[in-house]
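What follows is a single structure, written as structure tokens, with notes after it.
When a ligand or atom number is given, it counts from 1 through the structure's own listing order.
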Amino acid sequence: MWVKMLEINIIEAFSDNYIYLIRNETKNITSVVDPGESAPVIRFLKSKGWHLDEIVNTHHHHDHIGGNTELLEIYKSKLIGPVYDQNRISNIDILVSDNELINVAGVKTKVIHTPGHTLGHVCFYMEDEKCLFSGDTMFYLGCGRVFEGTMDQMWSSLLRLRFLPNDTLVYCGHEYTSSNAKFAKHIDPNNKLLDDAIVEIKNKREKGLPTIPFELGTEKNINPFLRADDQKFIDSINLKKSNPEKFFSTMRLKKDNF
Ligand code: ZN
Ligand code: FE
């Protein structure tokens with residue numbers, strides 16, 4: 001039987017950020033993904049009596065790295081971050097690049113460079129744990145705004161994530177699910193799978209629970225931003241575009257102003 005090595009704890013930060021505190025009990029390693037703030041992380045670590053061994057950053061935005069400095073000072077953790085952001089994230093100990101295999105929390109992890117939201121953005125995929133830390137590239141029912149890269153780059157990045165196995169659980173950087181769901185329903189009104197997901201999402205949010213993680217397999221059928229090359233979907237919403245890139249970009253711009 002396959003047993004997960006890791007326990008992934010969700011810590012809320014700011015108004016809608018998620019910080020992930022990963023615990024490998026067997027190896028006694030604790031790692032944190034995108035600590036935008038230090039205080040809630042320190043509080044959590046203290047409550048468990050854990051030391052913080054590693055910090056992992058997906059990209060240079062402040063709401064993902066703002067807690068680095070204080071955590072590094074207190075715990076002398078190792079900082080793992082994208083080589084592409086070495087001039088924008090201070091004190092990276094381990095620079096990582098596309099397709100590299102590294103260890104995070106004692107588990108084999110693949111680095112996937114996903115430019116679009118920022119040029120240096122990377123995602124972290126743990127095949128054996130069946131989980132993906134997608135930062136601000138893929139959200140539940142959405143994707144990140146395209147700030148630094150091109151629309152084509154963002155689409156290609158999402159395609160790479162879409163290629164991962166269906167049973168992958170995705171841990172993204174923000175709780176944007178409810179507003180993403182409204183947009184998804186708006187442009188894809190007759191999708192039974194989407195409707196089912198929306199019911200579940202509403203239930204969770206009414207109880208104040210995170211909607212994260214979400215399963216990639218279902219996501220491939222309900223996240224409009226993963227379906228820009230799905231001809232049936234494109235035809236159904238009557239938005240004629242000559243190629244997936246144009247279709248993706250049209251959807252992304254619509255969402256920006258939704
Ligand atoms: Zn960001
Ligand atoms: Fe963010």
Counting backbone and side chain alike, does H59 bring an N/O/S atom below 2.8 Å of the Zn ion (ligand 1)? yes
Got an N, O or S from D63 under 2.8 Å of the Zn ion (ligand 1)? no
Strictly under 2.8 Å, is the Fe ion (ligand 2) approached by any N, O or S atom of H174? yes
Over 60° means perpendicular and under 30° means parallel, so tell me whether H59 and H121 are parallel, tilted or perpendicular. parallel
Looking at R252 and G144, what are the two nearest heavy atoms and their distance? NH1-O, 3.3 Å
N/O/S atom of H64 under 2.8 Å from the Fe ion (ligand 2), yes or no? yes
Donor-acceptor side-chain pairing of D85 and H60 below 3.5 angstrom: no
Name the one of N57, T118, D136 that satisfies side chain to side chain donor-acceptor pair (under 3.5 Å) with H64? D136
Decide, counting backbone as well as side-chain atoms, whether D63 has an N, O or S atom less than 2.8 Å from the Fe ion (ligand 2). yes
For the residue pair F183 and F225, does the interplanar ring angle fall in the parallel (under 30°), tilted (30 to 60°) or perpendicular (over 60°) class? parallel
Counting backbone and side-chain atoms alike, does H61 have an N/O/S atom under 2.8 Å from the Zn ion (ligand 1)? yes
Ring-plane angle category for Y176 and H174, please: parallel below 30°, perpendicular beyond 60°, tilted otherwise. parallel
Have a look at the Zn ion (ligand 1) and estimate, to 10 degrees, the angle subtended by NE2 (H117) and OD2 (D136). 90°
To make sure I understand the geometry: which N, O or S atom in D136 is closest to the Fe ion (ligand 2)? OD2
